[in-house]
Amino acid sequence: MRTRFAPSPTGYLHIGGARTALFNWLYARHYDGVFILRIEDTDQLRSTEESTRAILEAMSWLGLNWDEGPYFQAERLEMYQEMTEKLIKEGKAYYCTCSPEELEQKRKQALAEGRKPKYDGTCRDRHLTKTKEAVVRFRAPEVGITTVHDLIKGDIVFQNEELDDLVIQRSDGYPTYNFAVVVDDALMGITHVIRGDDHVNNTPRQILLYEALGFPIPKFAHVPMILGPDKTRLSKRHGATSVMAYKEMGYLPEALVNYLVRLSWSHGDQEIFSLEELIRYFDIDGVGKSPAVFNPDKLLWLNQYYIRHYPLEKLVASVKPFWEKKGYDVSDTDYLKKIVQDLKPRVKTLVEMAEQGAFYFEEPHYDETASTYLTASMKPHFRKLITRLREWPDYTKEGIGNFFQSFTEETGVKLKVIAQPIRVALTGKTVSPGLDEIMLTLGRQQVLRRLERAENYIDNTG
RNA sequence: GGUCCCAUCGUCUAGUGGUUAGGACGCUGGCCUCUCACGCCGGAAACAGGGGUUCAACUCCCCUUGGGACUACCA
């Protein structure tokens, strides 16, 4: 069992491609097969090395490791040419010298007259020989039917007369997509072609090519598209579609994988899947036929879930770069761990974590909202708090709990009254992790220092 | 225009002839509570329409409607 993911390096790995890759990867892992990565760079104009790098990076980030490749089609030109010549020799392909302009003209005219715009066969029987401008066309059958046995959609029947003589080799000597895929998939022994269903209409042509070349036909599985909220194919105008953009926005790869796998695939009512479970459960029969709308909210929910359940060390390593970027000192890993521990149940992304954790790294700035909590009436409470806290013997989570209990009992001040002002004094914000958590993480010295700062602030503004 | 695909809550989906049509996100009421989250309990929310087939259709067939993809010397 061999599957492949074959992106063209004309941009970043996008959400749709990632899911296709994921399905291929999971299928191969499930059946203990081989997953191959092939870069389809036959379009010299649009392909870039930069894109190839970006795609490989995104694959790695998602954890989709490949067993073979990456193969590059641009390095396999002789193979395609060899196959092309074989077809010509056998009369199954021919040279065509129709110019792109002519063809475009005919296409427009056909469309205007309400006819189907297909190649009219001008060069089909001219027995031309190779010239500089010539392309090679496949001599497609004009009658009969071609059936695609799709693992997801069932049998799809095409009338061969609908298909025309497609170009298999361009004038620059490069193969076209439909030809290169067939040659590669056949030569690489791909047994299952799992791809987006935007390829269904290409499939009969490819099957014809397999037959002409004498290759066995693989199994096809056409996965429904991922759509934007407006139900059109997901694209940049719907927001972030690049996999790496999600990394930058603070998403965990496991969350994205879990989200993507559930688009058009399901396993009963289960929503959360570990990688092991995915490999165990994934199969084509769980894949649905209808397209799926990309829902950022659900991805966010999953991300939050994964943040909450991530191993602490891994989570620290994941947020660290975000704090580093903000210029904070991230050298104390133990401190980082404590911060992450405080923050992890209350954020949806790593970016949020980085932002909400800012006060752990720099002393708070008291803004206008803060000032409504740091009022003169709080001053005596702060004073007592500072004095008592300085001498409180047990500075642990439990000890801090006891501290507040005894403090409120002895002073008669309700915790509810002083909690927010303390929070604001320590963090500059009205929203933060629990008081005991931040106090413990910040440490007694820092807490006392910030309480004093708040006191001064009250003095200076009151 | 032609070819092909698709159709259960707003969204992701379960369902495979007989169910009070289930779960999840989001929304929402409540509980918990030092804020925010988390967690827990509850709620609103769907079988596109019309014909068949059948004792019985969300489930099978056909049509309509709606949506999508493809229609290149792009992939």
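Heavy-atom basis, side chains included; hydrogens, waters and symmetry copies ignored. Within every chain, numbering begins at 1; the chains are lettered A, B, ... in the order of the sequence lines, protein sequences first and strands thereafter.
- Using P as the reference atom, rA56(B) and rU19(B) are 14 Å apart when rounded to the nearest Å.
- Within 3.5 Å, a donor on the side chain of R423(A) pairs with an acceptor on the base of rC34(B), or the reverse.
- Along RNA chain B, the nucleotide nearest R115(A) and the nucleotide nearest S8(A) are compared for position; the residue whose nucleotide lies closer to the 5' end is R115(A).
- Between the side chain of N258(A) and the backbone N or O of E271(A) there is at least one donor-acceptor pair closer than 3.5 Å.
- Nucleotides rC63(B) and rA72(B) are separated by 28 Å at their P atoms, to the nearest Å.
- Across all strands, P291(A) comes closer than 4.0 Å only to sugar-phosphate atoms, never to a base (heavy-atom distances).
- In this structure, V293(A) reaches the sugar-phosphate backbone alone: every heavy-atom distance under 4.0 Å involves primed, P, OP1 or OP2 atoms, never a base.
- Nucleic acid contact for T430(A): base, since at least one base atom lies under 4.0 Å from a heavy atom of the residue.
- Side-chain N/O atoms of K416(A) include none lying less than 4.0 angstrom from OP1 or OP2 on rC34(B).
- When Watson-Crick and G-U wobble pairs are counted only if both distances are under 3.5 Å, rA37(B) pairs with no nucleotide at all.
- A distance of about 25 Å separates the P atoms of rU20(B) and rC25(B), rounded to the whole Å.
- If you check rC70(B) for Watson-Crick or wobble pairing at under 3.5 angstrom, you find it paired to rG2(B).
- Within the 4.0 angstrom heavy-atom criterion, base atoms lie near L435(A).
- Comparing the same atom, P, in rG52(B) and in rG66(B) gives a spacing of 23 Å after rounding to whole Å.
- Under the Watson-Crick or G-U wobble criterion, with both distances below 3.5 Å, rC25(B) is paired with rG10(B).
- Here the separation of rG1(B) from rC62(B), taken at their P atoms, is 23 Å to the nearest Å.
- The base of rC73(B) lies outside donor-acceptor range of the side chain of T176(A), with no N or O pair under 3.5 Å.
- For R139(A) (side chain) and R124(A) (main-chain N/O), a donor-acceptor pair under 3.5 Å exists by modelled atom type.
- Ranked by how close their nearest RNA chain B nucleotide is to the 5' end, Q159(A) and L299(A) are led by Q159(A).
- For the C1' atoms, the distance from rC31(B) to rG23(B) is 23 Å, rounded to whole Å.
- When heavy atoms are screened at a 4.0 angstrom cut-off, H199(A) is found touching base atoms of the nucleic acid.
- If you check every strand for non-hydrogen atoms under 4.0 Å, S266(A) touches sugar and phosphate atoms only.
- The cationic group of R262(A) does not satisfy the cation-pi geometry with Y259(A), failing either the under 6.0 Å distance to the six-membered ring centre or the 45° limit from the ring axis.
- The aromatic rings of Y27(A) and F282(A) lie perpendicular to each other, with more than 60° between the two planes, well past the 30° mark.
- In this entry rG18(B) has rC55(B) as its Watson-Crick or G-U wobble partner, both defining distances falling under 3.5 Å.
- The phosphate of rG67(B) has neither OP1 nor OP2 within less than 4.0 Å of any side-chain N or O from T232(A).
- For rA37(B), the OP1/OP2 oxygens have no side-chain nitrogen or oxygen of K344(A) closer than 4.0 Å.
- Straight-line distance between the P atoms of rC12(B) and rC47(B): roughly 16 Å, to the nearest whole Å.
- For E271(A) against rG23(B), a side-chain-to-base donor-acceptor contact under 3.5 Å is present.
- Contacts of P433(A) with the nucleic acid, taken as non-hydrogen atoms under 4.0 Å apart, include base atoms.
- OP1 or OP2 of rU11(B) lies within a sub-4.0 Å distance of a side-chain N or O belonging to K231(A).
- Using a 30° and 60° split on the angle between ring planes, W265(A) and H267(A) fall in the parallel class, below 30°.
- Phosphate contact (OP1/OP2 of rC70(B), side-chain N/O of R233(A), threshold under 4.0 Å): present.
- R346(A) contributes a side-chain N or O that forms a donor-acceptor pair with the base of rC36(B) under 3.5 Å.
- Looking at heavy-atom distances under 4.0 Å, Y259(A) makes no contact with the nucleic acid at all.
- Side-chain nitrogen and oxygen atoms of R205(A) include none within less than 4.0 Å of the OP1 or OP2 phosphate oxygen of rC70(B).
- Atom name P, nucleotides rC60(B) and rA7(B): the rounded distance is 10 Å, in whole Å.
- At distances below 3.5 Å, not a single donor-acceptor pair connects side-chain atoms of R4(A) with backbone N or O atoms of I36(A).
- Among the protein residues, T42(A) comes within range of the sugar-phosphate backbone only, with heavy atoms under 4.0 Å from sugar or phosphate atoms but none that close to a base.
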